[in-house]
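Just so it is clear, the structure is predicted and the values come from calculations on it, not from any experiment. The analysis underlying the following values was restricted to heavy atoms, covering all of them including side chains, and did not include hydrogens, waters or symmetry mates.
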Protein chains: 2
Amino acid sequence: MALEHAILVSLAERSASGYDLARRFDASIGHFWKASHQQIYKVLGRMETAGWVTPDVVAQDGRPDKKVYVVTAAGRDELAAWTSRPSTVEPTRSELAVKLRALPFGDTAAITDDVRARRRAHEQQLAYYLESAARFYPRPDDVTADELGGWLVLRGGILAEQTGIAWCDEILQRLVPEADDADR
Amino acid sequence: MALEHAILVSLAERSASGYDLARRFDASIGHFWKASHQQIYKVLGRMETAGWVTPDVVAQDGRPDKKVYVVTAAGRDELAAWTSRPSTVEPTRSELAVKLRALPFGDTAAITDDVRARRRAHEQQLAYYLESAARFYPRPDDVTADELGGWLVLRGGILAEQTGIAWCDEILQRLVPEADDADR
DNA sequence: AACGCCATGTAAAGCGTTACATGATTAT
DNA sequence: ATAATCATGTAACGCTTTACATGGCGTT
């Protein structure tokens, strides 16, 4: 019960083709809800059948036609109804947690490298979020009602990445205790 | 590429039946990798075919027989090999993030309630983790090599729940700005 | 009598990933 | 020439969830 609604939100903000949606999902909203273009096309088909969206075929020169999907009144109703339904907390899935439990049965050096790689990935993502925050929300206290959601989502991303880094650091301090911070 | 390995880790720590595993997955390791009993039975079947585990049928009185699965040498090899393969960072999935973006199209009061419910859930989970930490790892600096993984996983859980609470608080401060902390 | 625990599964449906497919335009 | 971008899909497979099924024992 969710990709449909993520797409509805994205289309409610601005109508788009499946292709456009796929790119948006690679960028902003997709950091919190991944979807491939194949999936998006499939779900858009279902949503059209349900009457939540209608395609608007737009001819382009030098490029293939595209179907720009627009949210219908029924789609907006569904979106509003969905916000009123309580959400379930999604279960955490951490391969790293499983690997940490596997420490006595595996290769500590390889696991350590894996943690370092994760730390780097978290740092990159954090840098990207911080840059987005500085560019799109330079004065967080002054965000408009329309922008508030985007800002809060970004804050969630920033907090999560910082926590990821902090966890990796705690792990590395235990796995590589003799090193100092620089070469850990 | 993951439930197999979570099961291998759990069985390497202690042999168990599918039913036992399902209960363990409800408790400790399952906080970081959920699995239902139906899924576990199916995967155990596959793992037996692959030669990673062997069943040991144990008769019980007043209860149905159970198949206690034991990790084979091949299973241990696979487990060790898996720890050496780099892991992929699992994509975040946050229904709350999507809902925040839906604020302009939905019911703010309902979304606020949802955030409050999530905050409570995070607090409960945090309390549970803290209690586990106090009970099983009273002296974190003295954990043995065998316990280290469990401790670090618990730390990850604690950090994640604290971050979840902090995020909810930031959201509530924006959605219910006039209230003071107590009745927010 | 009804419910919950122990113990193991099957079946169906939906969700998600990977691979494959097409065909035109634009940049290197 | 080659690769990337635009644009839309199908097919196969695997993973996950939900529902159904069985059957004995102990508790309220």
Original post:
Have B/Ser10 and A/Arg101 got a donor and an acceptor in their side chains that come within less than 3.5 Å?
Top reply: no
Subject >> Near-strand residues of residues 34-42 of chain A, defined as heavy-atom separation under 4.0 angstrom from DNA chain D >> reply: A/His37, A/Gln38, A/Tyr41
Subject >> Sorted by number, the residues of residues 12-24 of chain A with heavy-atom contact under 4.0 Å to DNA chain D >> reply: A/Ser17, A/Gly18, A/Tyr19, A/Arg23
**OP:** Dump the intermediate steps for salt bridge (Lys or Arg N to Asp or Glu O under 4.0 Å) on A/Glu170 and B/Arg155, then the final yes or no.
**Re:** CA-CA 8 Å; A/Glu170 279 199 27; B/Arg155 280 296 303 159; 2.6 Å; yes
Original post:
B/His122: what forms a side chain to side chain donor-acceptor pair (under 3.5 Å) with it, not counting sequence neighbours?
Top reply: B/Glu161
Subject >> Check ion pair A/Arg135-A/Glu131 (N to O, under 4.0 angstrom) >> reply: yes
Original post:
Hey, is the side chain of B/Arg46 poking within less than 4.0 Å of OP1 or OP2 on D/dC15, counting only N and O atoms?
Top reply: yes
Original post:
Using a side-chain heavy atom cutoff under 4.5 Å and only I, L, V, M, F, W and Y, what cluster partners does A/Tyr41 have?
Top reply: A/Tyr19
Original post:
What's the CD1-P distance between B/Ile7 and D/dT16, to the nearest Å?
Top reply: 11 Å
Original post:
Rounded to whole angstroms, how far apart are NZ on B/Lys66 and C1' on C/dT8?
Top reply: 13 Å
Original post:
Between B/Leu11, B/Val9, B/Ile7, B/Thr54, which is the residue that forms a side-chain contact (heavy atoms from CB on, under 4.5 Å) with B/Val71?
Top reply: B/Leu11
Original post:
Side-chain N or O of A/Arg93 less than 4.0 angstrom from OP1 or OP2 on D/dT16?
Top reply: yes
Original post:
Atom CG of B/Asp65 to atom P of D/dG24: distance rounded to whole Å?
Top reply: 14 Å
Subject >> Atom pair CG (A/Asp107) and CG (A/Asp113), whose distance is rounded to the nearest 0.5 Å >> reply: 8.5 Å
**OP:** With DNA chain C as reference, determine whether A/Val43 or B/Val68 sits nearer its 5' end, using the nearest nucleotide of each.
**Re:** B/Val68
Subject >> Global bending angle along the helix from C/dA1-D/dT28 to C/dT28-D/dA1, which compares the axes of five pairs at either end, to 10 degrees >> reply: 30°
**OP:** With rounding to the nearest 0.5 Å, note down the distance linking CD in A/Glu48 to CZ in A/Arg46.
**Re:** 13.0 Å
Subject >> Atom-to-atom span, CG of B/Leu44 to P of C/dA7 - whole angstrom >> reply: 15 Å
Original post:
Ignoring hydrogens and geometry, is there a side-chain-to-backbone donor-acceptor pair from B/Lys34 to B/Gly30 under 3.5 Å?
Top reply: yes
Original post:
For A/Arg139, what residues pass the side chain to side chain donor-acceptor pair (under 3.5 Å) criterion, not counting sequence neighbours?
Top reply: none
**OP:** Any chance you could measure B/Thr163, atom OG1, to A/Trp167, atom CH2, to the nearest 0.5 Å?
**Re:** 12.0 Å
**OP:** Using only side-chain N and O atoms of A/Gln60, determine if any of them is under 4.0 Å from OP1 or OP2 of D/dA7.
**Re:** yes
